[in-house]
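Just so it is clear, the model here is predicted, and its values are computed rather than measured.
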Amino acid sequence: DRVPLGWDFSSPATELDRIEHRVAGAVRVYNTQASSLASLADSPLSGPVVRLLGVRAPEVFAETADADTAWLRAPQHAA
């Protein structure tokens, strides 16, 4: 289970870090917009129209700890 000499982990790690930051930013923007839409649905002025049209506010994105991550695990090699 030795890593070949010269294997560069810094580039993939940097790329993963960049992707994580982009996803976190997208989640923040989505949640902000979902909260804004939810407040419009609760507004006394726009609420009746929203209910009449049957429009629902989107669910806020939340990370769940019970997600199936078994497929993420690296396979175990026989020693």
Side-chain angles (χ1 to χ4, degrees):
D1 291 2
R2 291 182 177 252
V3 176
L5 291 177
W7 183 262
D8 184 15
F9 284 105
S10 63
S11 179
T14 301
E15 184 65 23
L16 284 175
D17 188 49
R18 190 175 306 130
I19 291 170
E20 286 175 352
H21 284 289
R22 291 178 70 192
V23 169
V27 167
R28 280 192 301 274
V29 169
Y30 174 85
N31 284 346
T32 300
Q33 295 299 320
S35 296
S36 295
L37 288 172
S39 69
L40 284 175
D42 294 336
S43 166
L45 296 176
S46 60
V49 175
V50 168
R51 284 188 291 280
L52 179 68
L53 295 175
V55 176
R56 296 181 331 148
E59 296 292 322
V60 175
F61 180 82
E63 182 179 350
T64 57
D66 59 350
D68 180 24
T69 58
W71 61 275
L72 290 173
R73 293 189 196 105
Q76 299 296 321
H77 298 289

Shared-cluster residues of Val55, by chain and number - hydrophobic side chains joined below 4.5 Å
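Hydrophobic cluster check, Val55: joined to Val49, Val50, Leu53.
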So which residues get pulled into Leu37's cluster when ILVMFWY side chains under 4.5 Å apart are joined, directly or through others?
Leu40
If every non-hydrogen atom of Pro44 is compared with every non-hydrogen atom of Pro48, which pair is closest and at what distance?
O-CD, 3.4 Å
Do Phe61 and Ile19 share a hydrophobic cluster, counting only Ile, Leu, Val, Met, Phe, Trp and Tyr and linking them when any side-chain heavy atoms are less than 4.5 Å apart?
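Phe61 clusters together with Ile19.
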So which pairs with a foot in residues 16-32 pass side chain to side chain donor-acceptor pair (under 3.5 Å), sequence neighbours left out?
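Sorted pair list: Glu15-Arg18, Asp17-His21.
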Applying salt bridge (charged side-chain N to carboxylate O under 4.0 Å, His left out), which residue pairs with at least one partner in residues 30-58 are found, sequence neighbours left out?
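Qualifying pairs: none.
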